[in-house]
**Q** 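Attaching a single structure in structure tokens format; questions to follow.
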Amino acid sequence: MLITDATLPDGRTRDVRIDGETIAEVGELLSTTADERSIDASGKRLLPGMIDVHVHFRQPGYSHKETWASGSKSAAAGGVTTVVDQPNTEPPTTDGERFDEKAALAADSLVDFGINGGVTEQWVPETLFERPLFALGEVFLADSTGNMGIDADLFADAVSRASERGVTVTVHAEDATQFNDSARERDDADAWSAYRTPQAEIDAVRRACTVASEHDARIHVAHTSTPEAIDVADDAGMTCEVTPHHLFLSRDDLPELGTFGRMNPPLRRETRRRKVFERVADGTVDVIATDHAPHTREEKDASIWDAPSGVPGVETALPLLLNEAREGTLGYERVRDLTAANPAAIFGLSNKGRIEEGFDADLVLVDPDDPRPIRGEQTHTKCDWTPFEGMDGVFPELTMVRGTVVYEDRHEELFGEPVGRNVRR
Ligand SMILES: NC(=O)N[C@@H](CC(=O)O)C(=O)O
Ligand SMILES: [Zn+2]
Ligand SMILES: [Zn+2]
């Protein structure tokens, strides 16, 4: 296949030849061979597919919320070509056999995937580390969906074992002893933000970084929601990710979102959100990852104390970021780094994340000047709602995983075969 006249993230206009699963050539005035499909990309942007290092595809155990089939369709339609699944499924992914069970289910995936190993009192590190793990994590320092919170000793033990094997530990950093119990008396949606305080995150990130340094280990801090926590991780030489909801939404949105805006860590004040955005724009934040955490409408439609935590996001992250690029608030190279080049570098995916000869042909083609409003009902996750309803997104026209078109939006939407495979095989 030949994609002609595509504008790359750095602004160059180039032709890109794909041979089998890889990018064979990036050049000028390349000519097609007789039997080769050719796509005219003049006026369009070509980006490396997003590597979303934080999703919850819910299988096994909660396939009414999501499956590998539905989640990966949603990913493909949003320009995500690699996902990393988190361990809070049922059963949780805490030993070798459970890893194998999840890996077998992931054969339904349209996009490439990694599978993280979970840490609980019941985990079996010996068998887990024998498997082709993506990373350890997300390791829960406080309870979230799945109630997998662990204590300080087990965390230190996990960090030390991971360090011995050169495995990164992804951390959900909140300290439950710092939650504000007086918020428990309220029943409005903002009470969740008042309860799980910024300080609970900041302190937990600081402690996790200290433990990592003591063990000469590297942690990656999941879903940082405060500028302070981002700075703590950065100062400690660790990496961190920010979710689209903490980047684009704040407590000001909760009157409208209600319990559909409940997640961990929770939405923060608008002043903090702005400072998070600055750190995303200036490169202090390494990665945008979605923490795609689908729950059904019926489940979310409960009191703020009973509703489950989490929002979907895998389909809308890159479109929202590309809309920022369209408006000039983020550059295309920054978007590429946050969504593809940096996650590839941090997690050692040496053949992904860039449009260069020899790299996997994981590609996304978009018309950069054609935004459309995000509609939950049009997304492909089993969770047919979105916290970003009505916001503009620049959606892919075509998504390719190692040379196979897995999503194409022409006259109608077409999905490809489940070609996804474990990136750590
Ligand atoms: N973020 C959330 O609020 N929920 C996640 C779990 C998690 O990432 O903590 C989920 O799996 O539902
Ligand atoms: Zn989490
Ligand atoms: Zn998560």
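Throughout, numbering of the chain's residues begins at 1 and tracks the sequence. Keep in mind that what you see is a predicted model, and the values were worked out from it rather than measured. Just so you know, ligand 1 is whichever comes first in the structure, and atom 1 is the first atom listed for that ligand.
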**Q** Which part of Arg262 is near ligand 1, with near meaning a heavy atom under 4.0 Å away: side chain, backbone, both or neither?
**A**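 Answer for Arg262: neither.
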
**Q** Go through it in stages, so that I can follow the logic: the residues are His220 and Phe347, the test is ring-ring contact (aromatic ring centres under 6.0 Å, His included), and I'd like the CA-CA distance, side-chain angles, deciding distance and then a yes or no.
**A** CA-CA 10 Å; His220 173 76; Phe347 290 99; 5.3 Å; yes

**Q** Enumerate the atoms of ligand 1 whose separation from the nearest heavy atom of Gly310 is less than 4.0 angstrom.
**A**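 Per the distance check, 2 (C), 3 (O), 4 (N).
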
**Q** Using a 4.0 Å cut-off to any heavy atom of Ser144, which atoms of ligand 1 qualify?
**A**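 So the answer, numbered in order with elements, is 2 (C), 4 (N), 6 (C), 7 (C), 9 (O).
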
**Q** Parallel, tilted or perpendicular for Phe260 and Trp385, by the 30°/60° rule?
**A**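 Rings of Phe260 and Trp385: perpendicular, over 60°.
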
**Q** Under 30°, 30 to 60°, or over 60°: which ring-plane class applies to His64 and Tyr62, parallel, tilted or perpendicular?
**A**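 Aromatic pair His64/Tyr62 classed perpendicular.
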
**Q** Restricting to N/O/S atoms, is Asp291 within less than 2.8 Å of the Zn ion (ligand 2) or not?
**A**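 So Asp291 does not bind the Zn ion (ligand 2) by this criterion.
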
**Q** Any idea which N/O/S atom from His172 gets closest to the Zn ion (ligand 2)?
**A**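 Relative to the Zn ion (ligand 2), the closest nitrogen, oxygen or sulfur of His172 carries the name ND1.
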
**Q** Considering only heavy atoms, which of Asn264, Thr243, Asp143, Asn88 lies nearest to atom 3 (O) of ligand 1?
**A**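 Selected option, by shortest heavy-atom distance: Asn264.
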
**Q** Counting backbone and side-chain atoms alike, is an N, O or S atom of His56 positioned under 2.8 Å from the Zn ion (ligand 3)?
**A**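 An N, O or S atom of His56 is closer than 2.8 Å to the Zn ion (ligand 3), so yes.
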
**Q** Is the Zn ion (ligand 2) less than 2.8 Å from at least one N/O/S atom of His54?
**A**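 Coordinating: no.
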
**Q** List every atom of ligand 1 that sits less than 4.0 Å from any heavy atom of Glu138, numbering the atoms from 1 in the order shown and giving each element.
**A**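 Once the distances to Glu138 are compared, the set is 7 (C), 8 (O), 9 (O).
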
**Q** Which is the closest N/O/S atom of Glu138 when seen from the Zn ion (ligand 3)?
**A**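 Result: OE2.
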
**Q** Tell me, please, whether Phe129 has Arg161 positioned over its six-membered ring: NZ or CZ under 6.0 Å from the ring centre and within 45 degrees of its axis?
**A**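 Relative to the ring axis of Phe129, which defines the angle, Arg161 lies outside at least one limit.
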
**Q** CD of Glu270: more than 12 outside heavy atoms within 6.0 angstrom?
**A**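 More than 12 heavy atoms, drawn from other residues, nucleotides or ligands, come within 6.0 Å of this atom.
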
